[in-house]
Amino acid sequence: MSNLTFFFRNNFSYILFILTLILINFGGFGTGFFNNYNITVFLGYFSLIIILIYKKDLLLYINGPFLKPIVFIVLSMTISCFFAQNNVYGNIWYRYFSIVMCITFSFLAYLLLSEKKVVNTTILKVLGFCGFLHVIVLLCFWSYLEDPVNYNWFMDLPFFNHIRNFTDFIAIGFLCSLYLFFISEKSINKIFWAGNSIFVLSCVFWSGSRSSLLGILVCIFFMFFYIRDRQKNSLFLIFFLLSSFYISTFFKVNNSGFGFENSIIRTTSGNLNEISSLRYDLYVKVVSYIVDKPFLGYGGEAVKNYIINVHHIEISQSHNFILQILIEFGFLGLLSFIYFIYIFFKRINFSKINNGAIFAILISNIFISSLFNGGFYYTSNLSLLCLFFSCLYYSCGKRGEL
């Protein structure tokens, strides 16, 4: 093996993987569709280069227990997109390609983990620190604005098209930081990840995002099953929560959708549609489309392509991952996904779950937030979901095959 080849195999793939994680965090600009497009392109470049570098090793990993369910998922999506009765074929097949790239990214990440080019803790550290950087960027943006109190923080963010999608994403960074705090042995590391956790969580409190806070609350509960010194860490956690909430109160804006207090008010007052922020009406409309074409769905970008709107607001995704799968790929797509989940957890060695508990928790967080927001629509979240499946399987599954 030449020195150049040795360098590429032992350093370049690691650097490229870390760079791809960073681009997943900061590669989105513009509307939700174009955010997805940009990150899909980055995943495509990453996949092509890694395949070229490791082309001789691919067959060792492809023929594994998940080949059939993944082929089933891709085939079901192909059928739905092929029979989609809509003339916006570019959108349809782009969405298809985006999901395929997320699956490919997950597979290649597992390959790099198995080849010892990347380690799980590196992934957690990058995502945790990127969450911190997101808040730094937001603070800089706040200081740059002439009137940040009256600015449209809902829609006009630096890297995300909506505040709810942003906070669902940085909630992942918070959970990574909190977990790293719990497991760190050195004091300097604990201090760093403690500050990171408080900083990112304060942004989630500031946003008033109920789905993000719910996902974080549930995941913290499960995280305490797998950490040591629960009593001491409980005190630390209370301090983190109170500090984060206090910091968030210094950045109040003139919008009733922001702030933890307002999230409580929105949850306890008004009718069902008001409490759900118009999601009830959206779900009713999406279901009416699903009923008309239940088996195959309408293909990729179905909500955007059919210009579903609620109270004159155009919607690009269904704000619920089950409905999103059904309207795009029908019951065929949903069953293929359920089949994959069944096979996946059947292959998990639960006696070793402590090794990968954080990734099970991160998967749960995305599922919870995606019940109310667009985690299954946005490529940033979907690519990380696929990555966490690979990390969990690498930690707790039967190694050497995927």
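No experiment lies behind these values; they were computed from the predicted model shown. By convention here, the first residue in the shown sequence is residue 1. All heavy atoms count here, side chains included; hydrogens, waters and symmetry mates do not.
Using a 4.5 Å heavy-atom cutoff, the side chains of Phe331 and Ser76 are not in contact. At least one side-chain heavy atom of Ser47 sits under 4.5 Å from a side-chain heavy atom of Met101. Under the 4.5 Å side-chain criterion, counting only non-hydrogen atoms from C-beta, Tyr151 is not in contact with Val253. Between Val204 and Phe260 the shortest side-chain heavy-atom distance does not fall below 4.5 Å. Two residues are said to be in side-chain contact when any heavy atoms from C-beta on lie closer than 4.5 Å; Val119 and Leu113 fail this criterion. Using a 4.5 Å heavy-atom threshold, the side chains of Tyr394 and Leu112 count as separate. At least one side-chain heavy atom of Val71 sits less than 4.5 Å from a side-chain heavy atom of Leu67. Residues Leu111 and Tyr54 are in side-chain contact: their nearest non-hydrogen atoms beyond the backbone lie under 4.5 Å apart.
Atom CG of residue Leu241 and atom OG of residue Ser243 lie 9.0 Å apart, to the nearest 0.5 angstrom. For the atom pair Tyr37 OH and Tyr94 OH, the distance stands at 8.5 Å (nearest 0.5 Å). The distance from the CD1 atom of Ile327 to the CD1 atom of Ile290 is 5.5 Å, given to the nearest 0.5 Å. In this structure, CG in Leu296 is found 11.0 Å from OH in Tyr298, a value given to the nearest 0.5 Å. Taking CZ of Phe105 as the start and CG of Leu384 as the end, the distance is 7.0 Å to the nearest 0.5 Å. Separating the CG atom in Leu362 from the CG atom in Leu385 is a distance of 10.0 Å, to the nearest 0.5 Å.
Between Phe329 and Phe337, the ring center distance fails the sub-6.0 Å criterion. Within the 6.0 Å centre-distance limit, the rings of Phe221 and Phe225 are counted as a close aromatic pair. Aromatic rings of Phe154 and His162 (six-membered ring for Trp) have centroids within the 6.0 Å cut-off, being under it. Residues Phe389 and Phe340 place their aromatic rings such that the two centres sit under 6.0 Å apart. Taking the six-membered ring where the residue is Trp, the centroids of Phe240 and Phe181 are separated by under 6.0 Å. Ring centers of Phe26 and His134: under 6.0 Å apart, within the cut-off. Centroid-to-centroid, the aromatic rings of Phe129 and Phe132 come within less than 6.0 Å. Ring centroids of Phe182 and Phe224 are separated by less than 6.0 Å, placing the two rings close together.
Using cut-offs of 30° and 60° on the angle between ring planes, the pair Phe359 and Phe388 is tilted. A perpendicular orientation is assigned to the rings of Phe66 and Tyr393, their planes being inclined by more than 60° (bins at 30° and 60°). Ring-plane geometry between Phe160 and Phe169 is classed as tilted, the angle between the planes lying from 30 to 60 degrees on a 0 to 90 degree scale.
Of all the heavy atoms in Asn381 and Ile366, the pair that sits closest is O-CD1, 3.9 Å. Annotation for Tyr283 and His319: closest pair OH-O, 2.8 Å, computed over non-hydrogen atoms. Looking at every heavy atom in both residues, Ile361 comes nearest to Met223 through CD1-CA, 3.5 Å. In terms of heavy atoms, Gly215 sits closest to Ile368 at CA-CG2, 3.8 Å. Between Ser244 and Ile198 the shortest heavy-atom distance is OG-O, 3.1 Å. When every heavy atom of Cys102 is checked against every heavy atom of Leu43, the shortest pair comes out as SG-CD1, 4.1 Å.
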Test side-chain contact (heavy atoms from CB on, under 4.5 Å) applied to Leu58 and Leu108, step by step: CA-CA 9 Å; Leu58 293 177; Leu108 295 174; 4.1 Å; yes
Which is it for Glu115 and Lys56 under the salt bridge (charged side-chain N to carboxylate O under 4.0 Å, His left out) test, yes or no, and what are the steps along the way? CA-CA 13 Å; Glu115 295 289 322; Lys56 293 182 180 179; over 6 Å; no
Candidate pair Ile49 and Phe12, rule side-chain contact (heavy atoms from CB on, under 4.5 Å), full reasoning: CA-CA 10 Å; Ile49 295 170; Phe12 181 76; 3.4 Å; yes
Before giving the answer on side-chain contact (heavy atoms from CB on, under 4.5 Å), spell out for Tyr378 and Asp168 the whole-Å C-alpha distance, their side-chain angles and the decisive distance to 0.1 Å. CA-CA 11 Å; Tyr378 292 100; Asp168 283 350; over 6 Å; no
Could you walk me through whether Phe251 and Trp142 satisfy the ring-ring contact (aromatic ring centres under 6.0 Å, His included) test, starting with their C-alpha distance in whole Å, then the side-chain angles of each, then the deciding distance to 0.1 Å, before giving a yes or no? CA-CA 9 Å; Phe251 298 91; Trp142 176 286; 5.3 Å; yes
Go through it in stages, so that I can follow the logic: the residues are Leu213 and Phe205, the test is side-chain contact (heavy atoms from CB on, under 4.5 Å), and I'd like the CA-CA distance, side-chain angles, deciding distance and then a yes or no. CA-CA 8 Å; Leu213 290 168; Phe205 272 121; 4.1 Å; yes
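Within the structure, side-chain hydrogen bond (donor to acceptor under 3.5 Å, both in side chains) contacts touching residues 191-210 (residues at least two apart or in different chains) are Thr167-Ser209, Ser177-Asn196, Ser209-Ser212, Arg210-Thr267, Arg210-Ser277.
Judged by distance alone, the side chain of Ser390 and the main-chain N or O of Ser106 form a donor-acceptor pair under 3.5 Å. For Asn165 (side chain) and Asn161 (main-chain N/O), no donor-acceptor pair under 3.5 Å exists by modelled atom type. Counting only distance, with no hydrogens or angles, the side chain of Ser318 and the backbone of Asn320 share a donor-acceptor pair below 3.5 Å. In this structure, the side chain of Ser370 does not engage the main chain of Phe367 through any donor-acceptor pair within 3.5 Å. A donor-acceptor contact shorter than 3.5 Å is absent between the side chain of Ser80 and the backbone of Met77.
When only modelled atom types and interatomic distance are considered, Asn120 and Ser395 share a side-chain donor-acceptor pair under 3.5 Å. Between the side chains of Asn373 and Arg279, at least one donor N or O sits under 3.5 Å from an acceptor N or O. The closest side-chain donor-acceptor pair between Asp147 and Asn150 falls under 3.5 angstrom. Using modelled atom types and a 3.5 Å distance limit, the side chains of Tyr96 and Glu301 yield no donor-acceptor pair. Thr379 and Ser98 are linked by a side-chain donor-acceptor pair at a separation below 3.5 angstrom, with hydrogens and angles left out of the test.
A salt bridge between Glu185 and Arg228 is present, with a side-chain N of the basic residue lying under 4.0 Å from a carboxylate O of the acidic one.
The environment of NZ in Lys125 is sparse: at most 12 heavy-atom neighbours from other residues, nucleotides or ligands sit within 6.0 Å.
Among residues two or more places apart in sequence or in another chain, the salt bridge (Lys or Arg N to Asp or Glu O under 4.0 Å) test is passed with Glu146 by none. Shown here are the side-chain contact (heavy atoms from CB on, under 4.5 Å) partners of Tyr246, two or more places apart in sequence or in another chain: Thr249, Phe250.
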